[in-house]
Structures are given as structure tokens and as C-alpha cells.
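Heads up: the structure comes next, in C-alpha cells.
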Amino acid sequence: MPLHVPPAPAPALRSVLTALGSPTAVREARTPSLRAAQGPTTPELPLPVHVLDRITAQGLSATRLAGWRFLIRCGDRAVAAAETMLTPDGWAFSHFFEGPYVTSTERALHQAEALAQPYQARLLSLPGLYMLTLWLHGDITADGAEGHPADTDLLVPLAPAPPGIPAHRPFRVAELLPVLTHRATPVPLLGPPVLGSPA
């Protein structure tokens with residue numbers, strides 16, 4: 001089933017194309033694979049990056065859109081990613097980066113294409129757990145920049161995932177939520193903290 005990728009704002013794409021065309025921006029990027037790329041590089045698969053700041057016992061709090069991420073392809077693979085951010089003047093290029101999340105995102109997208117149900121692809125970051133997931137949203141007509149995870153949506157933890165959460169295994173939000181809630185809930189102290197003791 002084809003995976004639906006929401007259209008990125010045109011200014012976000014333009015800012016990435018401008019950065020890719022700038023020898024200074026590419027040279028100053030801390031991405032050796034992008035600097036060493038042989039042949040043309042193209043931004044593909046724009047994914048809205050949503051951030052989930054709080055997980056409560058009642059469920060997921062609202063997410064906020066933090067930016068759009070583009071995989072930068074050279075030949076048959078992604079060699080880096082480009083991040084854009086919303087500024088007072090509109091969407092602007094933020095930075096290039098590489099690392100495990102680039103290859104993990106590409107792998108998760110290939111996995112999602114093999115699913116029977118169509119989904120809209122997004123990214124969901126959970127900073128409190130140092131976790132990034134591919135968020136497969138069930139409403140393929142939704143505005144990719146809005147909304148929050150539905151119980152029936154899928155979350156695919158990207159590698160490296162937190163200990164005890166397998167990467168690249170799709171979880172329904174309703175299935176993963178109890179685990180995330182437990183992880184995000186501070187453990188109560190057994191007694192009053194002692195001054196000078198490690199917290």
C-alpha cells in the first residue's frame with residue numbers, strides 16, 4: 001500500500017534547495033557523507049516533525065509542530081537529512097545532519113510501505129524519553145502539520161530506541177502508551193531527600 005507523505009510548505013523546500021546549492025552551507029555542515037556525496041543530491045520524503053512534551057496517565061498531550069525534515073538522497077540511498085524550522089519570517093533552513101536516525105527513518109519508511117493499510121507518514125519526537133518514532137497516522141487526508149496520535153495510529157520506534165523498546169516494531173498508540181506513561185512518570189521517593197545526597 002503506498003505511503004502518503006504530506007506536502008511540505010513550499011518555502012521549507014525552497015530553503016533546503018538553496019542550502020544544498022550553497023557550497024558554504026554544505027562545506028560547513030557536520031555531515032561528512034553529504035560533503036563527500038558523488039553526484040546530485042535531492043531532498044525527498046518531507047516529514048513533519050511533531051514533538052510530544054508530556055505524557056500523562058490520561059493519554060498523550062497535544063503535539064506541536066517543530067519543523068519539517070527532508071531526507072537528502074544521493075544515488076540509491078539517503079546520505080543525510082535537512083531540518084527546517086518556523087521563524088517569524090516563515091519557514092527557514094536550520095541544519096543538515098547525519099547519523100543513525102537517517103538510515104533508521106529510511107528503513108522504517110520502507111517497512112511502512114509494505115503494510116496493508118494506507119498511512120500518512122510523520123515523525124514524533126518524545127524528548128523526555130530521548131525517543132524518535134515514525135508516526136503512521138490513519139487519516140491520510142489530514143493536514144500533516146496538525147493533530148495528535150489516535151489510539152489506532154502506529155508508532156515505529158527508530159533506532160537507537162530506549163532500552164526495552166524494540167526499534168522498528170510497529171506499535172499501536174494504545175499499546176505503546178502504557179509503556180511510555182510508565183517510563184515518563186517519575187518514581188516517587190521513598191522518603192524525604194537528604195541534603196547533599198545524590199538525587
Side-chain angles (χ1 to χ4, degrees), residues 1-9 12-13 16 42-52 55-84 98-184:
M1 186 62 69
L3 192 64
H4 294 259
V5 177
L13 176 58
V16 171
T42 54
E44 296 182 353
L45 298 169
L47 298 172
V49 181
H50 293 261
V51 176
L52 181 66
I55 305 169
T56 67
Q58 290 72 38
L60 301 176
S61 65
T63 62
R64 59 182 171 83
L65 182 67
W68 284 80
R69 181 173 297 176
F70 297 77
L71 292 182
I72 306 300
R73 185 169 298 281
C74 180
D76 62 350
R77 67 185 186 93
V79 295
E83 196 91 6
T84 63
E98 62 181 83
Y101 282 140
V102 174
T103 52
S104 187
T105 300
E106 193 172 37
R107 177 181 166 188
L109 288 167
H110 286 308
Q111 285 179 289
E113 287 172 349
L115 296 173
Q117 180 180 337
Y119 287 100
Q120 183 188 83
R122 305 170 174 199
L123 291 171
L124 181 65
S125 172
L126 297 91
L129 298 174
Y130 301 99
M131 182 175 177
L132 183 65
T133 69
L134 178 65
W135 169 13
L136 299 174
H137 190 49
D139 182 359
I140 60 173
T141 63
D143 181 345
E146 297 179 355
H148 63 278
D151 284 350
T152 54
D153 286 355
L154 296 180
L155 296 177
V156 183
L158 300 181
I165 297 177
H168 294 287
R169 180 185 155 202
F171 292 91
R172 293 216 176 277
V173 168
E175 177 188 4
L176 190 57
L177 180 61
V179 177
L180 299 182
T181 304
H182 177 72
R183 293 282 184 95

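Count residues from 1 along the sequence.
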If every non-hydrogen atom of [X] is compared with every non-hydrogen atom of [Y], which pair is closest and at what distance?
X: P170; Y: L154; result: CB-CD1, 4.2 Å
X: A81; Y: R69; result: CB-CG, 4.1 Å
X: A161; Y: P157; result: CB-CB, 4.1 Å
X: V79; Y: C74; result: CG1-CB, 4.0 Å
X: R169; Y: F171; result: O-CD1, 3.1 Å
X: P6; Y: Q120; result: CD-CG, 3.8 Å

Report yes if some heavy atom in the side chain of [X] is under 4.5 Å from a heavy atom in the side chain of [Y]; otherwise report no.
X: L13; Y: W68; answer: no
X: V5; Y: L109; answer: no
X: P48; Y: W135; answer: no

Give a yes or no on whether the backbone of [Y] and the side-chain of [X] come within a donor-acceptor separation of less than 3.5 Å.
X: H4; Y: H137; value: no
X: D151; Y: V173; value: no
X: E44; Y: R73; value: no

For the atom pair [atom1] ([X]) and [atom2] ([Y]), what is the distance rounded to the nearest 0.5 Å?
X: R122; Y: E146; atom1: CZ; atom2: CD; answer: 9.0 Å
X: Q111; Y: L3; atom1: CD; atom2: CG; answer: 11.5 Å
X: R77; Y: L71; atom1: CZ; atom2: CG; answer: 12.0 Å
X: L45; Y: T105; atom1: CG; atom2: OG1; answer: 10.0 Å

Matching residue for V156 among L136, T133, L132 - test: side-chain contact (heavy atoms from CB on, under 4.5 Å):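 Of L136, T133, L132, side-chain contact (heavy atoms from CB on, under 4.5 Å) with V156 is met by L136 alone.
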Kindly determine whether L123 and L158 satisfy side-chain contact (heavy atoms from CB on, under 4.5 Å), including the steps that lead there. CA-CA 10 Å; L123 291 171; L158 300 181; 4.2 Å; yes
Which residues share a side-chain contact (heavy atoms from CB on, under 4.5 Å) with T152, sequence neighbours left out: A150, R172
